[in-house]
Amino acid sequence: QVHLAESGGGLAQAGGSLRLSCAASGGTFSKWAMGWFRQTPGKEREFVAAITWSGGSTFYTDSVKGRFTVSRDNAKSTVFLQMSSLKPEDTAVYYCAADVAAPLTNDYTLTSQYEYDYWGQGTQVTVSS
């Protein structure tokens, strides 16, 4: 059974930084593409960042480009989201997701939540003004 567990969320001041982690188990992590999404009450789930199964490409939504960095450590079966220059509008529940069919997936589809097969429970990020 595939399981994803996010951690690292919490409180931060505007301009500060947080690093989110997502530990995976139950599959071949090195062959999965991994994505980060976020959601606030009353809004649809929003794509944030993704990294291909090979780690060769990353993708970001425009609002976080230059501030967030997604990376992975296959030896630890963990994907990270380093968030810097945080803004109050970054406040949300952040979810990690796994595309277990990544070798068969076109990279551009990783921006869609419907591409992913498994989801973590989420971790709250709150940024104060």
Side-chain angles (χ1 to χ4, degrees):
Q1 182 177 344
V2 173
H3 181 255
L4 305 177
E6 301 99 335
S7 62
L11 301 175
Q13 295 183 335
S17 299
L18 288 172
R19 189 179 78 160
L20 306 184
S21 299
C22 176
S25 62
T28 307
F29 177 82
S30 62
K31 294 185 178 180
W32 300 349
M34 300 296 297
W36 288 96
F37 292 77
R38 64 189 180 187
Q39 189 165 29
T40 57
K43 296 181 63 178
E44 295 184 354
R45 186 166 297 179
E46 176 190 23
F47 169 75
V48 178
I51 185 166
T52 58
W53 71 275
S54 67
S57 297
T58 57
F59 306 89
Y60 302 92
T61 191
D62 286 345
S63 64
V64 308
K65 287 181 179 177
R67 300 189 298 119
F68 291 10
T69 301
V70 62
S71 61
R72 66 191 298 157
D73 185 342
N74 286 347
K76 298 181 178 179
S77 296
T78 302
V79 64
F80 304 95
L81 185 67
Q82 177 66 48
M83 306 185 294
S84 300
S85 300
L86 284 165
K87 303 175 181 179
E89 51 262 45
D90 294 319
T91 296
V93 177
Y94 283 71
Y95 299 89
C96 66
D99 175 9
V100 301
L104 304 177
T105 301
N106 292 323
D107 291 348
Y108 66 86
T109 66
L110 296 176
T111 62
S112 171
Q113 63 178 306
Y114 303 109
E115 188 62 39
Y116 295 86
D117 305 290
Y118 299 99
W119 295 82
Q121 294 299 307
T123 185
Q124 176 71 48
V125 171
T126 302
V127 183
S128 62
S129 59

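Only this structure's heavy atoms are used, side chains among them; waters, hydrogens and symmetry mates stay out.
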In T78, L81, D73, the residue satisfying side-chain contact (heavy atoms from CB on, under 4.5 Å) with S21 is T78
Taken to the nearest 0.5 Å, the spacing of Q13 CD from L86 CG works out to 11.0 Å
*asked:* Is it true that, when you exclude Q121 itself, more than 12 heavy atoms of the residues, nucleotides or ligands shown sit nearer than 6.0 Å to its CD?
replied: no
Should the heavy atoms of other residues, nucleotides or ligands under 6.0 Å from CD of Q124 be counted, would the total exceed 12?
yes
Original post:
Do the two ring centres, one from F37 and one from Y116, sit under 6.0 Å apart?
Top reply: yes
Of D90, L20, V48, the one forming a side-chain contact (heavy atoms from CB on, under 4.5 Å) with M83 is L20
A14 and S129 have their tightest heavy-atom pair at CB-CA, 4.4 Å
Report task. Look only at the side chain of E6 and the backbone of G122, and say whether a donor-acceptor pair between them is shorter than 3.5 Å. Result -> yes
Nearest heavy-atom approach of L4 to C22 is CB-SG, 3.9 Å
Check for a donor-acceptor pair, side chain of T52 on one end and backbone N or O of A33 on the other, with a separation under 3.5 Å. no
NZ or CZ of R72 within 45° of F29 ring axis and under 6.0 Å: yes
Item checked: Transitive ILVMFWY side-chain link F59 to W36, under 4.5 Å -> no
On a heavy-atom basis, the closest approach of G10 and L18 is O-CD1, 4.0 Å
List the steps and the verdict of side-chain contact (heavy atoms from CB on, under 4.5 Å) for V79 and V70. CA-CA 7 Å; V79 64; V70 62; 3.9 Å; yes
Exercise for the section: Please tell me if the side chains of D99 and D117 come closer than 4.5 Å, counting only heavy atoms from C-beta onward. Expected result: yes
d(F80 CZ, M34 CE) to nearest 0.5 Å is 11.0 Å
### Query
Are side-chain heavy atoms of S63 and E46 found at a separation under 4.5 Å?
yes
S30 and N74 have their tightest heavy-atom pair at CB-ND2, 3.9 Å
Are V100 and W53 connected in a single hydrophobic cluster, I mean Ile/Leu/Val/Met/Phe/Trp/Tyr linked by side-chain heavy atoms less than 4.5 Å apart?
no
Separation between CZ (R38) and CZ (F47), nearest 0.5 Å, reads 11.0 Å
### Task
Would you please classify the geometry between the F68 ring and the Y94 ring as parallel, tilted or perpendicular, with 30° and 60° separating the classes?
tilted
Exercise. Could you check if a side-chain atom of Y95 sits within less than 4.5 angstrom of a side-chain atom of Q113, using non-hydrogen atoms only?
Key: no
Nearest heavy-atom approach of W32 to G27 is CZ2-CA, 3.3 Å
